[in-house]
Amino acid sequence: MSEMTMVEGLNLALTQAMERDDRVVVMGEDVARTGGVFRVTAGLLDRFGEERVVDTPLAEAGIVGAAIGMAVYGLLPVVEIQFDVFVYPGFEQIVVHAARYAWRTRGEVPASIVVRIPYGGGVRAPELHSDSPEALFAHVPGLKVVCPTTPSDARDMMLAAIEDPDPVIFMEPKRIYRAGRQEIAQEPPFELGNGNGIYNEYLSKARVARDGDDFAIITYGATTPLSMEAADRLAEERGIQTRVVDLRSLFPLDVDTIVKTASDCGRVLVVHEAPRMAGIGAEVSSLIHERAMLDLEAPVGRVTGFDAPFPQFANEDDYLPSVDRILNGARKVLDF
Amino acid sequence: MSEMTMVEGLNLALTQAMERDDRVVVMGEDVARTGGVFRVTAGLLDRFGEERVVDTPLAEAGIVGAAIGMAVYGLLPVVEIQFDVFVYPGFEQIVVHAARYAWRTRGEVPASIVVRIPYGGGVRAPELHSDSPEALFAHVPGLKVVCPTTPSDARDMMLAAIEDPDPVIFMEPKRIYRAGRQEIAQEPPFELGNGNGIYNEYLSKARVARDGDDFAIITYGATTPLSMEAADRLAEERGIQTRVVDLRSLFPLDVDTIVKTASDCGRVLVVHEAPRMAGIGAEVSSLIHERAMLDLEAPVGRVTGFDAPFPQFANEDDYLPSVDRILNGARKVLDF
Amino acid sequence: MTTDLLRFIGDGHDVPDAPVPDGLDDKDLIEMFRWLVLLRTFDERAVALQRQGRIGTYALYWGEEGTQAGALYACSDDDWVFPSYRQNSIGILRGVPPAVVLAWWRGYGGKHGFYNPRQHRVGPICVPIATNLPHAVGLSWAAKIKKDPIASLVWFGDGATSEGDFHEAMNFAAVFKTATVFFCVNNQWAISTPISRQMATKTIAEKAAGYGMPGVRVDGFDPIACWKATRDALERGRAGDGPTLIEAYCYRLGAHGTADDPRLYRDEAEAEKWRHLEPVSRMASFLERIGVMDQTKKDEIAAEAKATIASAVSAMEAIDQPGQEILFDGIYASGRPWSFDEGLEELRHSARPSEVRPLNAPDKDAR
Amino acid sequence: MTTDLLRFIGDGHDVPDAPVPDGLDDKDLIEMFRWLVLLRTFDERAVALQRQGRIGTYALYWGEEGTQAGALYACSDDDWVFPSYRQNSIGILRGVPPAVVLAWWRGYGGKHGFYNPRQHRVGPICVPIATNLPHAVGLSWAAKIKKDPIASLVWFGDGATSEGDFHEAMNFAAVFKTATVFFCVNNQWAISTPISRQMATKTIAEKAAGYGMPGVRVDGFDPIACWKATRDALERGRAGDGPTLIEAYCYRLGAHGTADDPRLYRDEAEAEKWRHLEPVSRMASFLERIGVMDQTKKDEIAAEAKATIASAVSAMEAIDQPGQEILFDGIYASGRPWSFDEGLEELRHSARPSEVRPLNAPDKDAR
Ligand SMILES: Cc1ncc(C[n+]2csc(CCOP(=O)(O)OP(=O)(O)O)c2C)c(N)n1
Ligand SMILES: Cc1ncc(C[n+]2csc(CCOP(=O)(O)OP(=O)(O)O)c2C)c(N)n1
Ligand SMILES: [Mg+2]
Ligand SMILES: [Mg+2]
């Protein structure tokens, strides 16, 4: 047991996976010698050597494409994209190949890769280091898209993503990389490499981060702590109990938890940082209305990033959903 | 006046735009000598010469990126992507550069390009020639995403897209390229090159393809004729009048028409061919519930492509929304 | 005939034959010819099937059999090969039932139209240009990490060299010294785009130097030259000396695909000038000249191929229209997303569209 | 000093100076020096501002001033240049107020942190590696179509050569013979990745041949060599002879950026070996050696630059925190999507987050 940040949790997971399974390789720009821009892969090079921890040339299509080829041969590559926006040169390899390799091989040869994407704003980074592209991947059939919110989930989900035979887009909310520490048990939560599908437990289920049945906020990533704060404020302000659901898996969605939450609470707000248009929130909102309309006392609300390019960072706090914006969104739903 | 297919309407628009404005250039793979795989650019080479009608090397990032550079210098490039899926190698140039050039230049230098994408299934094409990626572009701020359904709209919207200073992703539903003919007036619908913004009329407004106020189907592209047929069937079957709305613009959405339609009809079905997860339908459904919940007698329904890779073509008719699937979707909404 | 190309088979007139290179005995030559004929037979039959509307649009490779059979024959059975749509039937030389490839062109998926790459060491047919080059690199890289002495080979065209993926793959292979053979079939056309508008270099082989790897240029109509260059490249790779770029210089004798009409953009008389070099008859007369094959043998090989493909066609046509569940099969190995069974439900409650047969796509409406 | 590089300025000891090339008179040399000093002054001040938390992470270019000023000085005023983040302040030599560039690093957008490329013939600062190369090609291609005798130049690094966009842009330029100068600043590092792990070739210039264009190699620490190579390339381009690749060989003397710690991956002693070649003092002593500049002049230039940047800093700090409407400004020229004004409404009804000041991003948490 020790207190870890999300970065440390991810690093622990990668270390444990590489220890237990030499098919696991880590590759990307500056992941080996520097341990990555965010230090998630720090120490791996010394421990596992430069054949398994690789600084690649600067070419995202090459990185993802080579990882796919490695997976076809039986390795389990974990690829780092240095920052969100820089995944786009590798977009074709992800959506046309990684996403369809299993389908194109009668389900027998999935592209078993993990693509790690530190994403989102709030770190005062220069232009094009703050995008939230998760909906683009969630819209593409054949991929799994997940996003941890706590250090311990980050550890467990990374181990699960590596176990998972399907290609996993692993969204890492860089804003909360070091936001808080959490006790993490050294022991992996499940036996690695037994391929009994238990990893799915850690990838496909939403987490109820706070219980309540007067109102619900459904979110993921860096807006989860903000939603928790908003929930506390609502308790003081209105004496209502707000359930906060951390989706964890963006595709597939945990529809049962989403719909049950809506039925239990009757009033729901969806919160994320990515643009609103055809985002994850649009899908969650539609699913709820389709399946729980009669249990709803108000339309599902959305508090999200705007349908505008992520701003230069002096204004990023204006763009990012704030506790106050979440509260206003909540009040609109509650007072409907 | 003459009867034209969508292909001919697009060809007429390109011809007229190139005649009236020598800043307009057409480029892409096989667009000049063959006139494009679908013949949309046929005849342009002979008429305007190889400096303005260009067969490019086989490289989509190069094509879109070069077009952006041309636009910065003051040309108006119209780029053809040979088939939907082949836009992905150029994805980065579209979402990072075309979409943000105006924003990155204080609004003074928009990337005035049109990216033509013949898209969708139903033409018995081999693997990876049948995708519907429109939601990916609609989710990216800074782009306009449009899709004509009739030959005459195709002509008018293409002229408008070329006039429009913003980058326009022009989705061409290849399945109905030659499905029907329509009278098209030779004269452009508006005076070209006067830059008075009238082009917006032809890009941002939805079209009511069929009137009615008992029920509404909101759709676009190749599923529009199918929705029209379904509407007729519903009239026979239930004696109800179905309004069919052809969105035409996928971003920005014509929210007024969408919401008014929902309020007028009370029951709405959204239909498209693309996967459902975080698709255009999810946004339309969410918008309606958020803005017209109290006018609704049933949750908005969706009939869409599945969250699965577009199948090999022997099964594509199973994947594509059929009139019968639309009817079942309609009945679910009507009988709610 | 163009000079300064690696070549073994002459034209029977002015250009003399060179001695058969070490590593190929008479049995090998016959077997290679058998492969050539099988590919040719498949290709010609597929074109006929498309014309009859029994399969969809088809990408023929008439004349390029040597770049396929010659290169593959140089590979050891453990080496992996990655075809593009142009080498669509290469798998049949590695145990993929020809009916599966025909079914792919007929629009069938799942077990009908796809095969398991690991079973045959043959990558899936790759449709997007140049995008499988990084896969070939990653595969041989993985083999290197695992200390397995195997190599990979990937086929692509002259047009493919313009794509970023070509560049990134070439560079990765050179940097990590992977045992990758980049086999470029330079048929001088990318649909309607001639190589002169595709690149500013005279040859493709000369691009190799910019990556720090060797580039060789061979007569793409000469199966033995394709074999020799590939064999040498594979040996370099396995010896740890890294990748090689091979340019197989030839000419696209047919249309780009059955939906393409070359008369729109090139003078077919030009193609005629090259036709006499096509590898099947050229290899045949060579084998006759050197007394390795007689007419009887030749007829026997032809008959055998004809029979194989004929039964493949019957097998393809015996396949029932796949059920609707195929839409959701084999996508995720880890489970089924919520919407899959709901989708099947939705389909069960709707009338199924009448059974699909490949149509002769209106000219140009599919490729 | 590395040999076989185009070089004019010696090291004052063993390596002799070469005669100043035609086209540069004393006034030019002084002006070029003025540019070098202005860039250097901006850069050093920016680093200080970052340390003080007055701007965000900053990408310094200490030592690369010659690759910027030298190349730009060769351009005619109508020629376009496309910088990467590394040439972030090149615009100040084309009329962009230095305060605007500082404001960009301070996280300001709109009119505060961006400029109009058409006004200065300077592309926007490009953050994604190699992605502005196709823009430079398209721009000079457009000029060619319009029969305007202008050229474009784009800067990028050694790491950028690995990206597909580099390849596609180089090929397009060569095929369409555009007047494009590809100016590669080979500082031998891409963050922590040395050129030896970036590519398998010894030089970058040799990659040009694979595209059918000339490649030249110059001393990147020699502003006059950078000028000469660029001038020649521009003339080729304008004469219709197509693009050129220039490799400016130097060394990244500083960190990749203020958030980067090179000690993690390289021996800083190595950097020290190169430091004496840095262009500003080298150009200064050269100008003194040839008697073109004396101490007074030098001091005057330094003082002038100091003053310019000092007032730019005040101007930057005088900018008020931009209002929330900036989120929605200048995105669409054709109108405002429905959600923009709704977004503003939403913001008006919420408490505004306390005014943002650039923080010293926790080491490595921003770049
Ligand atoms: C990324 C991508 N862009 C465009 C296409 C459409 N397309 C199919 S084949 C082809 C030409 C390929 O030419 P070449 O690489 O020379 O191979 P060949 O067809 O001659 O075998 C094109 C442009 C594609 N399949 N993939
Ligand atoms: C497409 C893309 N991938 C990754 C990055 C992150 N990144 C920023 S600078 C850099 C290294 C660039 O090295 P080089 O091209 O040599 O230029 P230099 O920094 O040395 O000037 C990387 C990987 C990026 N900006 N864009
Ligand atoms: Mg070709
Ligand atoms: Mg560098």
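Only this structure's heavy atoms are used, side chains among them; waters, hydrogens and symmetry mates stay out. Order of the sequence lines fixes the chain letters, A, B, ..., with proteins taken first and strands second; residue numbering starts at 1 for each chain.
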For the student: nearest non-hydrogen atoms of [X] and [Y], plus distance:
| X | Y | result |
| --- | --- | --- |
| D:Gln188 | D:Cys250 | NE2-O, 2.7 Å |
| D:Asp165 | D:Leu133 | O-CB, 4.4 Å |
| A:Tyr319 | A:Pro309 | CE1-O, 4.1 Å |
| A:Ala125 | A:Phe313 | O-CD2, 3.3 Å |

Heavy-atom proximity to chain A below 4.5 Å, by part of [X]:
| X | value |
| --- | --- |
| D:Pro128 | both |
| D:Thr193 | both |
| D:Ala130 | neither |
| D:Phe114 | side chain |
| D:Leu327 | both |

#### Entry: Residue selection (most heavy-atom pairs with chain A, distance under 4.5 Å) from D:Tyr265, D:Phe340, D:Phe328
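It is D:Phe328.
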### Between A:Thr34, A:Val7, A:Leu320, the one whose heavy-atom pairs under 4.5 Å with chain D are most numerous
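That would be A:Thr34.
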#### Entry: Among A:Asp324, A:Val303, A:Asn328, residue most engaged with chain D (heavy-atom pairs, under 4.5 Å)
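The residue among A:Asp324, A:Val303, A:Asn328 with the greatest pair count is A:Asp324.
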### Query
Side chains of D:Lys207 and D:Thr161: donor-acceptor distance under 3.5 Å anywhere?
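No pair is found: no donor N or O on one side chain lies under 3.5 Å from an acceptor on the other.
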Can you tell which part of [X] gets under 4.5 Å to a heavy atom of chain D, answering side chain, backbone, both or neither?
| X | answer |
| --- | --- |
| A:Asp307 | both |
| A:Arg175 | neither |
| A:Phe86 | side chain |

### Query
Does a salt bridge link A:Arg116 with A:Glu172, judged by any charged N lying under 4.0 Å from a carboxylate O?
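Judged by the 4.0 Å cut-off on N to carboxylate O distance, A:Arg116 and A:Glu172 do form a salt bridge.
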### Query
So, is the end of the D:Arg86 side chain (NZ or CZ) under 6.0 Å from the ring centre of D:Trp155 and within 45° of the ring's axis?
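Checked: cation-pi criterion not met.
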### Message
Strictly distance-based, threshold 3.5 Å: is any side-chain N or O of D:Thr258 a donor or acceptor partner for the main-chain N or O of D:Tyr58?
### Response
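Answer holds: yes.
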